[in-house]
Amino acid sequence: PTRRSSDLSYALKNQSWTERSVIVAFLSGKVQRMCMWKPFAELWHCDKGALQSAYQKHCDTKAAMLYYKKLERIVG
């Protein structure tokens, strides 16, 4: 798909791959979808495989769990 300048406002700039993957997992749970890697990869103009890989490698780390809890506090 062609990028519009407004699409760039959705791109994440300061989040690590792990944080991005945790955001996807968190929001997927909120809307009860099994996998939202592709839509978020398209939205953020990044690689779907990199998101999945980051989650698989780091989802059980303390940093990922703390970030997930931070999202829970913010979003509810």
Side-chain angles (χ1 to χ4, degrees):
T2 305
R3 282 188 194 181
R4 296 184 310 247
S5 60
S6 62
D7 288 345
L8 297 177
S9 64
Y10 295 110
L12 298 180
K13 297 179 182 129
N14 298 320
Q15 283 76 23
S16 68
W17 283 105
T18 300
E19 291 171 337
R20 291 175 193 198
S21 69
V22 171
I23 291 169
V24 173
F26 177 80
L27 294 176
S28 293
K30 284 292 187 188
V31 296
Q32 299 177 350
R33 294 233 7 214
M34 284 299 290
C35 182
M36 293 182 65
W37 302 115
K38 185 176 178 182
F40 277 96
E42 290 174 359
L43 179 68
W44 296 336
H45 307 289
C46 64
D47 182 67
K48 175 183 87 149
L51 282 172
Q52 287 176 297
S53 178
Y55 189 75
Q56 291 168 349
K57 288 179 185 175
H58 305 287
C59 68
D60 292 329
T61 65
K62 184 177 179 178
M65 290 181 203
L66 289 172
Y67 194 70
Y68 194 93
K69 289 182 184 202
K70 179 180 179 180
L71 290 172
E72 284 181 326
R73 284 192 309 271
I74 293 169
V75 178

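Starting from 1, each residue takes its place in the sequence as its number. Quantities reported herein were computed from a predicted structural model and do not represent experimental measurements.
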Rounded distance [0.5 Å steps], CZ in Arg20 versus OH in Tyr67: 10.0 Å

To the nearest 0.5 Å, what is the distance between CH2 (Trp17) and OG (Ser53)? 10.0 Å

Can you see which heavy atom on Ser21 is nearest to which on Ala54, and at what distance? OG-C, 3.9 Å

Rounded to the nearest 0.5 Å, what separates atom CE in Met36 from atom NZ in Lys48? 13.5 Å

Work out which heavy atom in Leu51 is nearest to a heavy atom in Cys46; give both atom names and the distance. CD1-SG, 4.0 Å

Rounded to the nearest 0.5 Å, what's the gap from CH2 on Trp44 to CD on Gln15? Could you check? 8.0 Å

Nearest non-hydrogen partners of Thr18 and Ala64, listed with the distance: CG2-CB, 4.0 Å

Do the side chains of Val22 and Met65 get nearer than 4.5 Å, heavy atoms only? no

dist Ile23:CD1 -> Phe40:CZ (nearest 0.5 Å) comes out at 8.5 Å

If I compare all heavy atoms of Glu19 with all of Asn14, which pair ends up nearest, and what's the gap? OE1-O, 3.9 Å

Are Ile74 and Val31 connected into the same hydrophobic cluster when the rule is that any two of I, L, V, M, F, W, Y join if their side-chain heavy atoms are below 4.5 Å apart? yes

Sorted by chain and number, sequence neighbours left out, ring-ring contact (aromatic ring centres under 6.0 Å, His included) with Tyr55 holds for Trp37

Do Leu66 and Phe26 sit in one hydrophobic cluster, given that two such residues count as connected whenever their side-chain heavy atoms are within less than 4.5 Å of each other, even indirectly? no

